[in-house]
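Contents: one structure, followed by commentary.
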Amino acid sequence: MNAPVEHAIAKQHLIDPEICIRCNTCEEICPVDAITHDNLNYVVKFDVCNGCLACVPPCPTGAIDSWRNVERATPYSLEEQFQWDVLPDTTELDNVEAPFAVERADDELPAEVQEITSIATAGQGGPALAPWSASHPYLNLYPPTRPITATVTGNYRLTADDASSDIHHIVLDFGATPFPVLEGQSIGIIPPGTDEKGKPQLLRMYSVASPRDGERPHYNNLSLTVKRVTEDHEGRPTRGVASNYVCDLQKGDKVQVTGPYGSTYLMPNHPGSSIMMICTGTGSAPMRAMTERRRRRLERNEGGELVLFFGARSPDELPYFGPLQKLPKDFIDINFAFSRVPGEPKRYVQDVIRERADKVLQMLQDENCYIYICGLKGMETGVLEAFRDICRANGADWDQLRPELLANARFHVETY
Ligand SMILES: Cc1cc2nc3c(=O)[nH]c(=O)nc-3n(C[C@H](O)[C@H](O)[C@H](O)COP(=O)(O)OP(=O)(O)OC[C@H]3O[C@@H](n4cnc5c(N)ncnc54)[C@H](O)[C@@H]3O)c2cc1C
Ligand code: SF4
Ligand code: SF4
């Protein structure tokens with residue numbers, strides 16, 4: 001049987017020769033070398049372009065934003081495109097939804113990123129989906145073989161000088177090169193130098209802490225929340241390669257960045273959607289991004305609740321403690337848990353979740369509420385136990401609820 005006609009049709013990316021000013025911007029930016037030129041025209045390779053759209057915003061004329069649906073087997077060849085004075089007319093094929101000739105898929109991600117991500121999301125208990133109203137994420141625009149160079153425009157210590165953890169707020173600027181990210185996505189940073197085997201350092205992943213329109217609105221920049229690793233997970237003294245490199249960066253330094261990564265840990269965008277955020281330490285990065293996204297859109301009155309459970313040793317160790325406290329109470333319901341405040345009983349994030357059992361149960365059962373957990377590996381165990389207890393005490397079954405949450409893209413875990 002013949003395949004449905006849509007499958008035989010693909011979207012072909014073209015450049016309008018009438019308005020292109022031959023500035024070369026698109027060819028410089030394309031992360032997969034899909035654009036080339038002769039002395040007459042700039043053209044796009046059908047079998048290489050994956051529709052990532054990185055070239056579209058920087059094109060000064062809009063010539064790059066030209067598309068035609070074609071029979072997949074007979075696209076416009078480079079030779080044809082080189083000879084055009086004008087774009088070919090649209091045809092009836094353009095009336096159908098067609099995929100790009102080259103699919104962008106998660107399995108294109110570098111193996112190390114796939115491996116790190118599968119470990120980081122293991123606590124979910126199954127594969128997650130993106131919320132139905134999440135925006136389309138761009139993935140792996142800049143692979144480790146072709147990283148983008150960012151400039152450090154800020155590096156501020158977030159924790160008190162005498163706090164045991166040294167956490168920094170880092171701002172990276174991408175200049176004129178597009179680096180589109182969504183809240184919840186991560187980027188890779190390649191530390192300079194080589195490892196003990198003499199091989200180039202592997203990338204380390206860091207969650208983006210700013211919303212999609214930039215750390216500073218409408219700037220092509222983003223922020224990270226990075227903890228200097230001075231001891232390993234067992235408490236033995238060590239010097240983490242990437243985290244120390246990042247925390248020591250100075251304004252003006254150049255950094256090799258890969259990504260973006262993450263196709264499911266994304267926030268819902270539909271009005272009325274609520275978000276429950278549970279984090280410790282630098283796990284606050286994606287929560288800051290989502291909260292700031294919602295805060296910047298407050299005047300739209302889109303509704304939906306934000307509830308945050310945030311654990312740290314003490315207020316001094318809690319990134320963004322000051323700014324968080326300034327947020328209006330009717331905008332976000334913040335629940336802190338401090339485990340090392342002198343003279344006070346230890347409270348962990350799961351203890352505060354239990355204290356708010358009614359609210360947590362209501363949100364777990366609200367099909368418009370999406371749940372995000374982020375922080376140090378192991379934190380999810382206590383949180384999931386708290387969910388289980390809350391369900392049990394109220395006649396619900398966590399083991400039944402969790403697969404439902406996953407199937408509806410409502411449960412997202414990232415721990416490292
Ligand atoms: C999806 C994802 C998002 C992440 N987001 C952030 C983020 O927003 N902020 C952030 O600071 N980190 C984040 N990380 C962790 C980050 O990628 C690095 O693992 C971390 O900075 C340590 O790298 P390093 O090169 O300094 O240490 P390495 O040189 O790689 O390791 C040194 C030693 O420390 C241990 N170690 C590694 N990480 C930690 C840790 N976090 N705590 C204690 N010991 C550790 C290692 O096992 C090793 O023994 C994220 C990780 C993932 C997978
Ligand atoms: S960026 Fe736009 S104007 Fe410049 S060469 Fe590419 S298509 Fe032409
Ligand atoms: S859409 Fe992406 S892959 Fe295609 S030409 Fe533009 S930058 Fe290159």
Side-chain angles (χ1 to χ4, degrees), residues 11-17 19-37 41-46 48-67 100-102 104 112-113 115-121 138 141 165-168 170 178 184-189 191 195-196 201-209 223-247 259 261-262 265 279 281-289 319 374-378 413-416:
K11 203 189 281 284
Q12 182 166 11
H13 190 183
L14 302 171
I15 292 176
D16 187 338
I19 53 175
C20 171
I21 56 169
R22 282 74 176 165
C23 67
N24 204 49
T25 308
C26 53
E27 193 170 323
E28 278 170 32
I29 276 170
C30 177
V32 294
D33 287 334
I35 298 179
T36 184
H37 68 277
N41 280 349
Y42 274 74
V43 298
V44 186
K45 298 174 193 167
F46 177 73
V48 180
C49 171
N50 55 32
C52 73
L53 304 183
C55 56
V56 173
C59 169
T61 61
I64 195 82
D65 200 8
S66 307
W67 310 85
F100 292 106
V102 180
R104 295 190 61 76
E112 66 207 84
V113 173
E115 193 185 326
I116 298 171
T117 309
S118 69
I119 295 170
T121 57
Y138 292 111
L141 290 178
S165 60
D166 180 9
I167 301 182
H168 287 240
I170 311 284
Q185 283 195 293
S186 310
I187 64 165
I189 289 201
D195 63 17
E196 64 282 357
Q201 290 288 351
L202 289 177
L203 66 84
R204 308 299 200 276
M205 291 171 73
Y206 293 97
S207 307
V208 175
S223 62
L224 305 174
T225 315
V226 180
K227 179 183 163 191
R228 187 188 294 279
V229 171
T230 54
E231 50 184 45
D232 66 15
H233 292 293
E234 281 73 43
R236 293 178 297 238
T238 187
R239 184 177 163 82
V241 174
S243 59
N244 280 275
Y245 162 67
V246 173
C247 289
Y261 305 119
Y265 199 102
C279 64
T282 55
S284 54
M287 314 314 180
R288 178 180 184 267
C374 190
L376 269 190
K377 196 134 235 46
V413 177
E414 198 162 84
T415 52
Y416 41 84

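We count ligands from 1, going down the list as the structure has it; atoms in each ligand are counted the same way. Only heavy atoms go into these numbers, but all of them, side chains included; no hydrogens, no water, no symmetry mates. If you read the sequence from its start, that first residue is 1, and numbering goes on from there.
Atom numbering of ligand 2 starts at 1 in the shown order; those under 4.0 Å from a heavy atom of T25 are 1 (S). Close approach of ligand 1 to V226 is summarised as follows: ligand atoms under 4.0 Å from at least one heavy atom of the residue are 11 (O). If you number the atoms of ligand 1 from 1 as listed, the ones under 4.0 Å from a heavy atom of I116 come out as 53 (C).
The shortest contact between atom 29 (O) of ligand 1 and any protein heavy atom is with V241 N, 2.9 Å. The single protein non-hydrogen atom nearest to atom 9 (N) of ligand 1 is T225 O, 2.8 Å, given as residue, atom name and distance. If you check which protein heavy atom lies closest to atom 8 (Fe) of ligand 2, you get C20 SG, 2.4 Å. Nearest protein heavy-atom neighbour of atom 33 (C) of ligand 1: T238 CG2, 3.9 Å. Atom 2 (Fe) of ligand 2 has its closest protein heavy atom at C59 SG, 2.3 Å. Shortest contact from atom 45 (C) of ligand 1 to any protein heavy atom: H233 NE2, 3.3 Å. Protein heavy atom at the shortest distance from atom 1 (S) of ligand 3 is L53 N, 3.2 Å. At the shortest separation from atom 3 (S) of ligand 2 among protein heavy atoms lies T61 OG1, 3.3 Å. Of the protein's heavy atoms, S243 OG, 2.5 Å lies nearest to atom 26 (O) of ligand 1. Among protein heavy atoms, atom 4 (Fe) of ligand 2 sits closest to C23 SG, 2.3 Å. Annotation: atom 34 (O) of ligand 1 to nearest protein heavy atom, V229 CG1, 3.6 Å. Looking only at protein heavy atoms, the nearest one to atom 15 (C) of ligand 1 is Y416 CD1, 3.4 Å. If you check which protein heavy atom lies closest to atom 32 (C) of ligand 1, you get G240 CA, 4.0 Å. For atom 7 (S) of ligand 2, the nearest non-hydrogen atom of the protein is I15 CG2, 3.6 Å.
Polar contact with ligand 1: present for K227 (N/O pair, distance under 3.5 Å). Of the N or O atoms in D232, none lie within a sub-3.5 Å distance of an N or O in ligand 1. Considering backbone and side-chain atoms together, N244 places no N or O closer than 3.5 Å to any N or O of ligand 1. Some N or O of A242 is nearer than 3.5 Å to an N or O of ligand 1, by distance alone. An N or O contact shorter than 3.5 Å links R204 to ligand 1 by distance.
The side-chain heavy atoms of K45 and V32, taken from C-beta on, include no pair separated by under 4.5 Å.
A distance of 7.5 Å separates SG of C52 from OH of Y138, quoted to the nearest 0.5 Å. Atom CD1 of I15 is separated from atom CD1 of I35 by 4.5 Å, given to the nearest 0.5 angstrom. Taken to the nearest 0.5 Å, the OH atom of Y416 stands 5.0 Å off from the OG atom of S207.
Listed for the T238 side chain is no donor-acceptor partner under 3.5 Å among the backbone atoms of D232. Side-chain atoms of Q185 come within 3.5 Å of backbone N or O of G262 as a donor-acceptor pair. Of the possible donor and acceptor atoms, none in the side chain of R228 sits under 3.5 Å from a partner among the backbone N and O of V226. Between the side chain of H13 and the backbone N or O of I64 there is at least one donor-acceptor pair closer than 3.5 Å. A donor-acceptor pair under 3.5 Å links the side-chain atoms of R22 to the main chain of P17, judged by distance alone.
Contacts between L376 and ligand 1 below 4.0 angstrom, taking non-hydrogen atoms only, involve the side chain exclusively. Counting heavy atoms under 4.0 Å from ligand 2, residue N24 touches it through the backbone alone. Contact annotation: for E231 versus ligand 1, heavy atoms closer than 4.0 Å belong to the backbone alone. Heavy atoms of Y206 found under 4.0 angstrom from ligand 1 belong to the backbone as well as the side chain.
For H168, there are no ring-ring contact (aromatic ring centres under 6.0 Å, His included) partners, not counting sequence neighbours.
Near atom 8 (Fe) of ligand 3, less than 2.8 Å away, sit the protein N, O or S atoms C30 SG.
Tested against Y42, the residues N24, D16, T36 include a single side-chain hydrogen bond (donor to acceptor under 3.5 Å, both in side chains) partner, N24.
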